[in-house]
Amino acid sequence: MSNMDEVGFDSSAAVDGGESFEAVVVGGGPGGAAAAAVLAENGVETLVLERGVEAGSKNVSGGLLYAEESAPYTLDGLFPGFRDEATERPVTRNYMDNLADGKVHTVDLGGVHHHDTEWCDSVLRRPMDSWVAERVHERTVEAGGGLLTGVRVNGLLREGGEIVGVTCDELDPIRADLIVAADGVNSELARDAGLMDWDEPEEWFQGVKAVVDVPPEEVNDRFGIDDDEGVARLFAGDLFEGVRGGGFLYTNRDSLSIGTVFHLDSLAAERAEPQELLDALLTHPHLGQWLPDEYDEYDEREYSAKLVPDSKKVAHPSPHEGRLLLVGDAAGQMQAQGPIIKGMNHAVSAGGLAAEAYIEARNRRQPESAGERYERRLHDSGLYGKLRPRRYEALGRFGEREVVADAVDDLAGSRLGRLGVRIAGGVVERAFNSPFLLGALPDTRTAYATVPRVLAEELGEPVRGDNDADPPSLEERIGDLTYDTDVGNPHIELMDNSFEASGTAVTACPVSAEGFGGGCYREETVRANGDEERVVSLDTQPCVECGTCAVVADTEWTHPRGGKGVDFRQG
């Protein structure tokens, strides 16, 4: 998008380690854009570094973007014209379809969907982020900085142990008084600062998505909506073979975003394969009413994946270290409570609050206090209370104890539980619409599978219709993606190739599968000297950069160099 001369970047000074900006923002997504916009508007010389060839080319979301009435910052507030130019559709209706035994029971989620919501739009990250990035570039140039694409920031620059800047693959070190890390869930800056670990699969979700081509008039006809309306549908029940999680469908202008989101520990434990679970949703008869039928060829624009943090467990209470402030996924600020998932809106608020904190600290001639001021703003604004609700710590954690979870699940599926559902099904529906109860909901199979299954079996109507969708194979999906292969610079290192240490990567990786020879990870049996060994091999070329393998297998994972690797067109 921008070259170094355009942003006033003196490459000769950088060679000497002398290039500096007052603020460096790493990542051109919503959190980074919000931080950069607020900084630039207040006259802070701000350089934004984005590793994709264009902002959004490395990003994936479900994606619904909420603008909360209580939010301190929203993208349309920061960037006039945002909703007209950069989003897909207003999402005005939200339902959860519980599926089981050929039946469907639908819950209207309007109560929780509209709670504290000014607006909610469906989005695709590549077009949204690239539109926003152009405005960010214009504003930061006016303040003496700019936005550079194709630059991967690979670590923190330190002097005497103090963070003083960043290091990059493509440029020499850059010094800054403020560093905003908005570099996503696989933040290399957060890890460098010791503010993020990779160790616990139960702290993460994995999302996989297909963007399906549907003409705008067909979107309107099939969902009974006008151009200024949109629909979100969530799917739960017995559709996903016991894996904890569910599916989603969001209407875009001329496409559908259809995907699945699962707890990573459950996905790994069940040895489930993400693309197969997605296909189970895409080919379910209930989906046939909305997908292209036998007269219109099913066409997937893009297959993508993303790892997301569970803020209830990982939202960092003090996301700062020295001059470094973390926002968005880099700080674990992704809220998933029951059927409602919010992340991008919180990243925007956090980015704005981080910028505010620095500006106040600078004005008071106490720049070193920016981190503490940012932390205080996160708590005072109420944002942290949404990310890590105290009631979850008190009730949800208790409900996740195995003996408690098993007892509750057995009760929900028992004759007594079924009788209760038949008598008081409306109470269950109201519970799914209660923000208070959702904030205390344990992450167990009861809410994701058992209760939805019982609701469908006891109160559901027969699923009618056929589904003629013919999703592409994994090989075809990989082949349709765009890569800039980084020959000689693999961004993943397999530390232990034994199946015991790294075999889960074969099944949990969204572009690998057992028995599939063309994916990122492959399993094979090696015979030598009369012995057999089950090992895992790696080919990084089809990597979709979700980072799943770094959590479930013994690998070292980094981002590819700037502009290299996968290039999402939809996101």
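The structure displayed is predicted, hence computed values, not measured ones.
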Could you please spell out the steps behind the side-chain contact (heavy atoms from CB on, under 4.5 Å) verdict for E88 and D121?
-> CA-CA 7 Å; E88 293 292 312; D121 287 358; over 6 Å; no

Which pair of non-hydrogen atoms, one from [X] and one from [Y], has the smallest distance, and what is that distance?
| X | Y | answer |
| --- | --- | --- |
| P542 | V511 | O-CG2, 3.4 Å |
| S257 | G62 | CB-O, 3.5 Å |
| Y73 | V348 | O-CG1, 3.8 Å |
| L278 | G259 | CD1-CA, 3.7 Å |
| A182 | V327 | CB-CG2, 3.6 Å |
| P510 | V208 | CB-CG2, 4.3 Å |

Ion pair present between [X] and [Y], side-chain N to carboxylate O less than 4.0 angstrom?
| X | Y | answer |
| --- | --- | --- |
| R51 | D183 | no |
| D310 | K313 | yes |
| R152 | E188 | yes |
| R561 | D169 | no |
| K342 | E68 | yes |
| E360 | R373 | yes |
| R158 | D192 | yes |

Under 3.5 Å, is there a donor-acceptor pair between the [X] and [Y] side chains?
| X | Y | result |
| --- | --- | --- |
| E545 | H559 | no |
| D567 | T482 | no |
| E273 | T507 | no |
| S70 | K386 | yes |
| D265 | W204 | no |
| E202 | H263 | no |
| Y303 | Q570 | no |
| S311 | Q335 | no |

Is the side chain of [X] donor-acceptor paired with the backbone N or O of [Y] at a distance under 3.5 Å, no angle test?
| X | Y | value |
| --- | --- | --- |
| T87 | R83 | yes |
| R89 | N252 | yes |
| S512 | C520 | yes |
| R362 | P367 | no |
| T548 | C546 | no |
| R301 | V211 | no |
| K58 | V566 | yes |
| S502 | D496 | yes |
| T540 | P490 | no |
| R323 | G165 | no |

Criterion side-chain contact (heavy atoms from CB on, under 4.5 Å) on E270 and R244, from CA distance to verdict | CA-CA 10 Å; E270 298 294 334; R244 293 200 326 279; over 6 Å; no

Passing option when Q206 is tested against V551, L267, V308 for side-chain contact (heavy atoms from CB on, under 4.5 Å) =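 So, applying the side-chain contact (heavy atoms from CB on, under 4.5 Å) to Q206 and each of V551, L267, V308, only L267 qualifies.
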
Of the options L39, V25, L324, which is the one that meets L178 in a side-chain contact (heavy atoms from CB on, under 4.5 Å)?
->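 It is L39; the other options fail the test.
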
Would you confirm whether the ring centroid of F262 sits within less than 6.0 angstrom of the ring centroid of F240?
->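 Distance test on ring centres: under 6.0 Å, yes.
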
Kindly state whether the ring of H113 and the ring of Y66 have centres lying under 6.0 angstrom apart.
->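 Ring-ring flag for H113/Y66: true, centres closer than 6.0 Å.
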
Please assess T558 against N154 for the test side-chain contact (heavy atoms from CB on, under 4.5 Å), listing each intermediate value before the final yes or no.
-> CA-CA 8 Å; T558 61; N154 57 28; over 6 Å; no

Flag the pair [X] / [Y] as yes when at least one side-chain heavy-atom distance between them is below 4.5 Å, and no otherwise.
| X | Y | value |
| --- | --- | --- |
| L326 | L195 | yes |
| L189 | L156 | yes |
| P274 | L277 | no |

Separation between CD of E372 and CD of E375, rounded to the nearest 0.5 Å |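 The CD atom of E375 is 7.5 Å from CD of E372, to the nearest 0.5 Å.
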
Please lay out, stage by stage, how S381 and R377 fare under the test side chain to side chain donor-acceptor pair (under 3.5 Å).
-> CA-CA 6 Å; S381 68; R377 278 172 163 74; over 6 Å; no

Test ring pair (Phe, Tyr, Trp, His ring centres under 6.0 Å) on Y384 and H379 and set out the steps.
-> CA-CA 5 Å; Y384 197 77; H379 289 266; 4.4 Å; yes

D177 vs Y358, side-chain contact (heavy atoms from CB on, under 4.5 Å): CA-CA, chis, key distance, verdict | CA-CA 9 Å; D177 295 331; Y358 173 74; 3.7 Å; yes

Would Y521 and D539 satisfy side chain to side chain donor-acceptor pair (under 3.5 Å), going step by step from the backbone distance to the final call?
-> CA-CA 6 Å; Y521 285 90; D539 179 358; over 6 Å; no

Quick one: do E400 and Y392 satisfy side chain to side chain donor-acceptor pair (under 3.5 Å)? Show the steps, please.
-> CA-CA 10 Å; E400 290 173 8; Y392 169 76; 2.7 Å; yes

Salt bridge (Lys or Arg N to Asp or Glu O under 4.0 Å) evaluation trace for R175 with E19 = CA-CA 6 Å; R175 303 171 67 90; E19 188 62 82; over 6 Å; no

E368, CD atom: more than 12 neighbouring heavy atoms under 6.0 Å |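 More than 12 heavy atoms, drawn from other residues, nucleotides or ligands, come within 6.0 Å of this atom.
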
Taking the inter-plane angle between the rings of H491 and W557 on a 0 to 90° scale, is it parallel (under 30°), tilted (30 to 60°) or perpendicular (over 60°)?
->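 Perpendicular: the ring planes of H491 and W557 meet at over 60°.
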
